[in-house]
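Here it is: the structure, laid out below.
Given the structure is predicted, the values throughout are model-derived calculations rather than measurements. Here is the naming used below: chain letters follow the sequence lines, and residue numbers restart at 1 for every chain.
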Protein chains: 2
Amino acid sequence: MLDKTDLLILEELSMNSRITMKELGEKVHLTAPAASARVAKLEDSGIIEGYTININQEKLGFHIHAFITIITQNTYHQPYLSFVKTQVEYIINNYKISGDGCYILECKFPSNELMNQFLEELNEHANYKLSIIINK
Amino acid sequence: MLDKTDLLILEELSMNSRITMKELGEKVHLTAPAASARVAKLEDSGIIEGYTININQEKLGFHIHAFITIITQNTYHQPYLSFVKTQVEYIINNYKISGDGCYILECKFPSNELMNQFLEELNEHANYKLSIIINK
DNA sequence: TTAACTCCTTTCATAAATAAAGTAAAACCG
DNA sequence: CGGTTTTACTTTATTTATGAAAGGAGTTAA
């Protein structure tokens, strides 16, 4: 099971996953090989799923960040799901949900124009409610 | 501005941010120092905001992942925002939105019991609509 | 008590990162 | 147009980190 040191390691790696094992070790009071072994264990157990980066989407030209709640009229979701697959450049996440709607789409768009185009195409397959993110 | 190589680098780092500069260089047809210099530029420009890990919350005991749409009755949001600050262990993100509601809370809970407790406290400050994530 | 296991440290060989120097192509400018 | 500066890269050499191996201390269980 996980102890306090493992949780500290997860916290440190969440803040900076490119930290060296030496530095990580210092933060959690271990030597580099010990820290490295802990991390390897966390990877093997599947607790650490992967190493990634946070990208500033605004600076890449995606000025709009939105959640779209999807309500499919009929029980057959395939047309909607197929559509989603064609729009990977705008879609951050597609969550299947229970509650108010069938899916929640997390999206990014460079402009209102392209978002509008997306929504029009989306509307061929499902109804939706749009929530634009103002702040995080 | 960004060229094709920069976008490739962002893609590679998104998939594995602990890749060595040597390997990253090979993937984008550069030497290690050249790749390293590109990455440093992406950091300095703020496009790369940070390096982090994906954690399997399920394996850490957070079996419930939910979106909660917040509708504050009055215009004064402070009680809600103060409450959110006390609940960091359950809250992944708090998005201020325009649309159907005032905020969208992304949360994780270990059990229905603790989620219920959270929702009861939340209800002292705001109304909400709950969406449980079934699948991503 | 002893054996096996876990988790750590130290040491050392190898690999990667980084700094420095040099080069070639592109952009700038009098 | 010619000369200068800038940019982006490579190569080389040094520093630093990684990872394998050996060994030790503490824990558990036969």
Within residues 26-55 of chain B, find the residues that approach DNA chain C with a heavy atom at under 4.0 Å, and present them sorted by residue number.
->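 Within residues 26-55 of chain B, the residues near DNA chain C are B:Pro33, B:Ser36.
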
Residues that, via side-chain heavy atoms closer than 4.5 angstrom, fall in one hydrophobic cluster with B:Phe67 |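 Cluster partners of B:Phe67: A:Phe67, A:Tyr95, A:Ile97, A:Ile104, A:Ile133, B:Tyr95, B:Ile97, B:Ile104, B:Ile133.
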
For the helix from C:dT1-D:dA30 to C:dG30-D:dC1, what is the angle between the axes at its two ends, each from 5 pairs, rounded to 10°?
->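 Both end axes considered, the difference amounts to 30°.
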
Contacts of type side-chain contact (heavy atoms from CB on, under 4.5 Å), residue B:Asn123, not counting sequence neighbours |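 Here the qualifying residues are B:Asn127, B:Tyr128.
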
Kindly state which residues belonging to residues 15-24 of chain A come within less than 4.0 angstrom of DNA chain D, counting heavy atoms of the residue only, listed by number.
->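 Listed by number, they are A:Thr20, A:Met21, A:Lys22.
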
Is it true that a side-chain atom of A:Ser36 and a backbone atom of A:Ala32 form a donor plus acceptor pair closer than 3.5 Å?
->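 Here the side-chain-to-backbone pair does not exist.
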
Distance in angstrom units between B:Ile9 CD1 and D:dA8 P, rounded |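 After rounding, the reported distance stands at 12 Å.
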
Where at least one partner belongs to residues 5-14 of chain B, residue pairs that pass salt bridge (charged side-chain N to carboxylate O under 4.0 Å, His left out), sequence neighbours excluded |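 Listed by first then second residue: B:Asp6-B:Arg38, B:Glu12-B:Lys27.
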
With sequence neighbours excluded, tell me which residues meet side-chain hydrogen bond (donor to acceptor under 3.5 Å, both in side chains) with A:Tyr51.
->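 Listed in chain order: A:Glu43.
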
Distance from A:Lys4 atom NZ to A:Ile9 atom CD1, nearest 0.5 Å?
->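 So the gap between those two atoms works out to 13.5 Å.
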
Side chain of A:Arg18, backbone of B:Ile19: donor and acceptor closer than 3.5 Å?
->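 Looks like yes, one N/O pair under 3.5 Å.
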
Heavy-atom side-chain contact between A:Ile47 and A:Leu2 under 4.5 Å =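 In contact.
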
Every protein N/O lying under 3.5 Å from an N/O of nucleotides 22-24 of chain C:
none

Table please: side-chain donor-acceptor pairs of residues 79-91 of chain B below 3.5 Å, with sequence neighbours left out.
residue : atom : partner : partner atom : Å
B:Tyr80 : OH   : B:Asn94 : OD1          : 3.0
B:Ser82 : OG   : B:Gln78 : O            : 3.0
B:Thr86 : OG1  : B:Phe83 : O            : 2.6

Looking at residues at least two apart in the chain, or sitting in another chain, which of them share a side-chain hydrogen bond (donor to acceptor under 3.5 Å, both in side chains) with A:Ser131?
->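 A:Ser131: no side-chain hydrogen bond (donor to acceptor under 3.5 Å, both in side chains) contacts found.
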
Going by the side-chain hydrogen bond (donor to acceptor under 3.5 Å, both in side chains) test, which pairs reach into residues 101-112 of chain A, not counting sequence neighbours?
->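 Residue pairs passing side-chain hydrogen bond (donor to acceptor under 3.5 Å, both in side chains), neighbours aside: A:Gln57-A:Lys108, A:His65-A:Glu106, A:His77-A:Tyr103, A:Asn93-A:Glu106.
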
Which pairs pass salt bridge (charged side-chain N to carboxylate O under 4.0 Å, His left out) with one or both residues in residues 109-132 of chain A, sequence neighbours excluded?
->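 Found A:Asp100-A:Lys129, A:Lys129-B:Asp100.
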
